[in-house]
Amino acid sequence: MTRSASLLIDNIGELTTNDDAGGGRLHDAAVLIERDRIAWVGAAADAPAADERVDAAGRAVLPGWVDSHTHLVFAGDRTAEFEARMAGEAYAAGGINVTVEATRAATDAALEANLERLVAEARRGGTTTIETKTGYGLTVRDEQRAAVVAGRHVDAVTFLGAHVVPAGADPEGYLDLVTGPMLDAVAPHVSAVDVFCERGAFDEAATERVLAAAGRAGLATRVHGNQLGHGPGVRLAVGAGSLSVDHLGFLGEDDVSALADSWAEWSGGSGRRGTVATVLPACDLSTRMPLAPARALLDAGAVLAIASNANPGTSYTSSMAFCVATAVLQMGVTVQEAVRAATLGGAIALGMERDGWRDPKGAEQGAVGVVAPGARADLQLLDAPSVTHLAYRPGMPLVQGVWRAGRRVV
Ligand SMILES: N=CN[C@@H](CCC(=O)O)C(=O)O
Ligand SMILES: [Zn+2]
């Protein structure tokens with residue numbers, strides 16, 4: 001859709017800004033967008049003139065969702081695995097190889113068409129920033145093409161060659177490949193490296209090797225950790241200064257404090273950002289695993305993100321509203337905390353909470369997850385008077401309008 005030079009969204013009943021300077025929320029507010037950025041935020045009574053005006057009629061406006069964890073480059077379907085799980089079978093990392101086989105067999109065009117379909121679906125749900133991972137190719141060629149295809153459609157691409165050891169491969173040889181030639185081939189197309197630190201995937205020593213190789217390549221890191229059981233994922237992620245550690249269904253007190261301490265040290269001037277605790281409520285439900293302890297993480301002082309983990313195996317949904325509602329109804333967080341975690345929390349997990357980050361095409365972008373002057377103009381308008389309705393009316397299609405970089409996309 002087209003973009004006017006300036007657009008005023010006026011008469012907003014409740015505006016979530018995540019801008020702590022102003023209390024994070026305004027009532028009877030307006031937002032002025034100029035080109036791709038937010039130019040002004042304030043009381044509707046003081047709103048400046050603009051080329052175009054949208055009347056929010058007292059409804060709620062908030063930042064577009066920042067989905068900091070997805071796996072959208074894939075082919076194939078895992079309905080049968082889901083059915084078996086709902087009949088009582090446990091989720092195991094090995095299911096990933098079913099998608100790997102289908103993905104390798106797919107053409108570039110088929111992979112891209114599926115990715116475009118999924119990104120469009122996410123946009124309709126209010127998502128304006130998307131990270132996605134490789135990890136269903138697991139050969140140099142297939143991981144590289146996944147990264148290239150993803151870079152055309154999402155805001156951040158993460159290399160997940162260390163997803164599982166592909167069927168038939170020798171674990172040591174595969175680790176050499178992932179930390180050597182595969183990383184070299186994919187590095188120009190990604191901003192971070194992820195590793196699935198879990199039984200059936202990569203153990204502590206292997207995870208350390210992947211994180212060290214990423215550091216040598218100058219890439220940020222993330223870890224899939226503590227998903228299927230207690231383990232070293234959180235400790236390794238915090239130790240390596242990873243941007244985030246994701247899943248977190250099985251945490252000890254030491255894990256919770258390590259995540260909280262990483263931010264206390266940052267506030268104390270350590271010079272190293274903390275590690276975001278990213279919870280994935282839809283995945284916890286779809287795998288019938290314990291819900292991550294989001295309340296305890298917040299109480300301890302951790303920085304929380306909520307993401308969809310959209311993928312064909314453990315969480316085939318990109319609905320951030322569903323994740324927010326689940327976090328509120330089942331994980332003990334308030335609506336405001338959940339909305340913040342699904343917007344600003346995701347932005348921090350991606351290093352995008354400040355202006356000047358670069359997208360996969362190299363273009364400089366404004367901050368996401370906040371509504372403040374200079375931020376990228378990523379907003380959603382709800383057909384509801386407040387964000388509370390996201391949990392009060394779960395499952396209802398409340399998204400009425402979405403603007404991404406100043407352009408109306410829904
Ligand atoms: N845990 C590892 N990776 C994905 C699952 C991928 C799959 O099962 O296909 C996840 O985040 O849940
Ligand atoms: Zn994942």
Side-chain angles (χ1 to χ4, degrees), residues 67-86 89-104 106 111 114 118 130-138 142-143 146 150 154 156-167 178 192-203 206-207 210 221-229 231 233-234 237 242-250 276-292 305-318 320 323 346 349-350:
D67 194 348
S68 61
H69 183 143
T70 76
H71 307 247
L72 301 182
V73 190
F74 67 86
D77 177 271
R78 308 234 309 259
T79 305
E81 179 186 317
F82 178 78
E83 283 175 351
R85 201 156 66 233
M86 294 306 109
E89 257 181 47
Y91 172 74
I96 294 166
N97 272 316
V98 172
T99 303
V100 169
E101 202 178 316
T103 304
R104 287 178 181 171
L111 282 183
N114 195 41
L118 295 165
I130 304 177
E131 178 266 13
T132 205
K133 303 170 199 303
T134 69
Y136 290 123
L138 310 187
D142 289 299
E143 285 295 296
V154 302
V157 185
T158 301
F159 170 48
L160 182 56
H163 202 180
V164 285
V165 176
V178 167
V193 173
D194 201 336
V195 46
F196 186 14
C197 178
E198 199 65 63
R199 248 173 304 140
F202 295 86
D203 65 11
T207 299
V210 173
T221 57
R222 319 179 183 289
V223 175
H224 279 68
N226 305 59
Q227 177 184 7
L228 306 178
V234 168
S242 297
L243 282 173
S244 71
V245 55
D246 307 25
H247 280 292
L248 311 180
F250 293 86
V276 172
T278 302
V279 299
L280 309 168
C283 175
D284 297 345
L285 293 182
S286 180
T287 51
R288 292 196 170 152
M289 284 285 165
L291 291 159
I306 292 174
S308 74
N309 191 21
N311 77 79
T314 61
S315 186
Y316 201 4
T317 177
S318 62
M320 292 290 281
C323 295
L350 295 174

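Counting starts at 1 for both ligands and their atoms, in listed order.
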Only one of Asn311, Asn309, Leu118 forms a side chain to side chain contact (heavy atoms under 4.5 Å, CB included) with Tyr316, so which one is it?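 Of all the options given, the one that passes is Leu118.
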So for ligand 1, is Thr99 a polar contact partner (N or O within less than 3.5 Å, distance only)?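 There is no such contact.
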Considering heavy atoms of the protein only, find what lies nearest to [atom] and give residue, atom and distance to 0.1 Å.
atom: atom 12 (O) of ligand 1; value: Thr314 OG1, 2.6 Å
atom: atom 1 (N) of ligand 1; value: Gln227 OE1, 2.7 Å
atom: atom 3 (N) of ligand 1; value: His163 NE2, 2.8 Å
atom: atom 10 (C) of ligand 1; value: Asn309 ND2, 3.3 Å
atom: atom 8 (O) of ligand 1; value: Tyr91 OH, 2.6 Å
atom: atom 6 (C) of ligand 1; value: Tyr136 OH, 3.1 Å

So do the side chains of [X] and [Y] get within less than 4.5 Å of each other, counting heavy atoms only?
X: Leu248; Y: Val234; result: yes
X: Ser286; Y: Phe82; result: yes
X: Thr314; Y: Gln227; result: yes

Would you check if the Zn ion (ligand 2) lies under 2.8 Å from any N, O or S atom of Cys283?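 No, since none of the N, O or S atoms of Cys283 sits under 2.8 Å from the Zn ion (ligand 2).
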Between His247 and the Zn ion (ligand 2), is there a contact where an N/O/S atom of the residue lies under 2.8 Å from the metal?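 Of the N, O and S atoms in His247, none lies under 2.8 Å from the Zn ion (ligand 2), which means no.
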contact_flag Glu198 ligand 1 heavy-atom lt 4.0 Å: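 No, Glu198 has no heavy atom closer than 4.0 Å to ligand 1.
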Grab the two heavy atoms, one from Arg85 and one from Gly313, that are nearest each other, plus how far apart they are.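 Where Arg85 meets Gly313 most closely, the heavy atoms are NH2-O, 3.0 Å.
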Could you pull out the closest heavy-atom pair between Pro166 and Asn97, with the gap in Å? CA-OD1, 3.6 Å
Do you see a donor-acceptor pair shorter than 3.5 Å between the side chains of Thr70 and Thr132? yes
Just checking, is any N or O donor in the side chain of His69 or His247 under 3.5 Å from an acceptor N or O on the other one? no
Proximity to ligand 1 by part of His69, non-hydrogen separation under 4.0 Å: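 Within the 4.0 Å criterion, His69 contacts ligand 1 through side-chain atoms alone.
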Which atoms of ligand 1 have any heavy atom of His247 under 4.0 Å away? 1 (N), 10 (C), 11 (O), 12 (O)
Quick one: which ligand 1 atoms are inside 4.0 Å of a heavy atom on Ile96? 6 (C), 7 (C), 8 (O), 9 (O)
Quick check for you: with the Zn ion (ligand 2) as the vertex, what angle do NE2 of His71 and OD1 of Asn309 span, to 10°?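 Here the angle at the metal atom is close to 90°, to 10°.
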Checking side-chain hydrogen bond (donor to acceptor under 3.5 Å, both in side chains) against Asp194, which of Arg222, Lys133, His71 comes through? Lys133
